Amino acid sequence: MPLVKRVTMVTVRAPATVANLGSGFDVFGIALRQPADIIHVEKAEETTIQVNGIGSNYIPTSPKKNTAGVVAEELDAPATITINKGIRPSSGLGSSAASAAGTALALNALYGQELSREELVWIAAKGESAASGEPHADNVAPSLLGGFTIATPDGITTIDAHLDIVVCLPEITVSTRNAREMLPKSVDLHSHVQTVGNAATLTAGMTQNNPELVGRGLSDSVVTPTRTNLISGYESVHQAAMDAGATGVTIGGSGPTMLAIPKKGKSREVASAMVSAFLEQGVNSRAYQTNIGPGAELYL
Ligand code: HSE
């Protein structure tokens with residue numbers, strides 16, 4: 001008889017993500033190789049949550065208010081959940097989504113539920129709504145599946161893209177709820193045509209690992225301009241990154257992270273120019289020179 005290992009605890013590393021990528025509001029996302037959250041789960045009679053690490057003081061531990069708790073409820077999988085935050089909350093790097101995605105993958109394994117990663121995306125998206133007010137899968141999809149993801153209600157497309165990425169996180173806090181409330185309620189036809197063109201260019205660039213096309217496709221005249229004033233120094237940092245060798249720059253998710261696509265070999269220059277430009281505006285920041293990476297990793 002084969003030996004079946006009884007799973008009593010599971011650990012998952014769930015990566016940070018960048019959603020929107022300018023032209024793909026609420027649809028596009030990429031997984032980043034770093035930073036990440038580490039989530040540990042053990043079976044229990046009822047769900048309890050402990051949060052450690054970066055920004056943990058600001059994260060609710062009540063299971064009804066925490067994205068991981070909502071996921072545990074959705075999966076009917078009570079557990080003692082410990083989240084070690086490597087991703088700062090309210091950063092635009094998919095912090096709450098990583099906790100939701102990682103918990104969904106971990107509890108699925110802990111309880112042997114055998115849901116696919118695609119199915120877990122929609123469970124994790126419900127968890128995300130606890131943090132942002134509305135369910136959207138553009139962060140949880142790449143955190144679970146890796147690469148570049150196109151998440152629509154009809155399904156998720158994943159492209160195994162390989163590109164260098166620079167993200168620069170200023171010491172500014174942006175609430176996703178607020179950043180969503182200020183969005184325009186309608187889009188004119190001209191902007192719609194531009195957005196379709198940019199989103200298609202970006203997608204083609206991802207299939208070809210082409211930083212020029214991806215950078216060009218980040219342009220967006222609908223969502224991004226309404227949010228730039230939430231980030232002190234946005235225009236200067238944008239210009240500094242372009243001057244240092246970026247092919248395009250935009251807001252990461254709902255901000256305040258700024259995302260730049262560097263030309264080949266230019267990550268260091270772009271990262272350093274962005275940090276210096278924020279500093280000239282009196283804002284401290286931290287840049288990550290990273291790349292598009294894999295989805296959440298499971299350790300049994
Ligand atoms: N697509 C989302 C937004 C990402 O920009 O509001 C943040 O949850």
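Order of appearance sets the numbers: ligands from 1, and atoms from 1 within every ligand. All figures in this text were calculated on a predicted structure; none of them were measured in a lab.
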Enquirer: Quick one: closest heavy-atom pair of Gly147 and Pro142, and the distance?
Expert: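 Nearest pair, atom of Gly147 first, then Pro142: O-CB, 4.2 Å.
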Enquirer: Select one of side chain, backbone, both or neither to describe which atoms of Glu181 lie under 4.0 Å from any atom of ligand 1, heavy atoms only.
Expert: neither
Enquirer: Near His136, which atoms of ligand 1 are under 4.0 Å from a heavy atom of that residue?
Expert: 2 (C), 4 (C), 7 (C), 8 (O)
Enquirer: List every atom of ligand 1 that sits less than 4.0 Å from any heavy atom of Asp138, numbering the atoms from 1 in the order shown and giving each element.
Expert: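 Once the distances to Asp138 are compared, the set is 1 (N), 2 (C), 4 (C).
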Enquirer: Regarding Arg180 and Asp26, does a basic nitrogen lie under 4.0 Å from an acidic carboxylate oxygen?
Expert: yes
Enquirer: Under 4.0 Å from any heavy atom of Thr176, which atoms of ligand 1 are there?
Expert: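 Per the distance check, 7 (C), 8 (O).
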Enquirer: If you count the atoms of ligand 1 from 1 in the order shown, which ones are under 4.0 Å from a heavy atom of Asn20?
Expert: 1 (N), 2 (C), 3 (C), 5 (O)
Enquirer: Considering residues, nucleotides and ligands other than Tyr58, do more than 12 of their heavy atoms fall under 6.0 Å from its OH?
Expert: no
Enquirer: Between the candidates Arg227, Arg180, Glu128, Arg177, which shows the shortest non-hydrogen contact distance to atom 2 (C) of ligand 1?
Expert: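 Among Arg227, Arg180, Glu128, Arg177, the closest heavy atom to atom 2 (C) of ligand 1 comes from Arg180.
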Enquirer: Verify the distance criterion only: is there a donor paired with an acceptor across the side chains of Asn198 and Gln194 at less than 3.5 Å?
Expert: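 Absent: no donor and acceptor within the cut-off.
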Enquirer: What heavy-atom pair brings His190 and Asp188 nearest, and what distance separates the two atoms?
Expert: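 Heavy atoms of His190 and Asp188 come nearest at N-OD1, 3.0 Å.
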Enquirer: Could you walk me through whether Ser285 and Glu171 satisfy the side-chain hydrogen bond (donor to acceptor under 3.5 Å, both in side chains) test, starting with their C-alpha distance in whole Å, then the side-chain angles of each, then the deciding distance to 0.1 Å, before giving a yes or no?
Expert: CA-CA 6 Å; Ser285 65; Glu171 286 182 8; over 6 Å; no
Enquirer: Taking 4.0 Å as the limit for heavy-atom contacts, which would you say applies to Asn139 with ligand 1: side chain only, backbone only, both, or neither?
Expert: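 For Asn139, only side-chain atoms sit under 4.0 Å from ligand 1.
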Enquirer: Relative to the heavy atoms of Asp26, which atoms of ligand 1 are at a distance of less than 4.0 Å?
Expert: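 Those qualifying, in numeric order: 1 (N), 2 (C), 3 (C).
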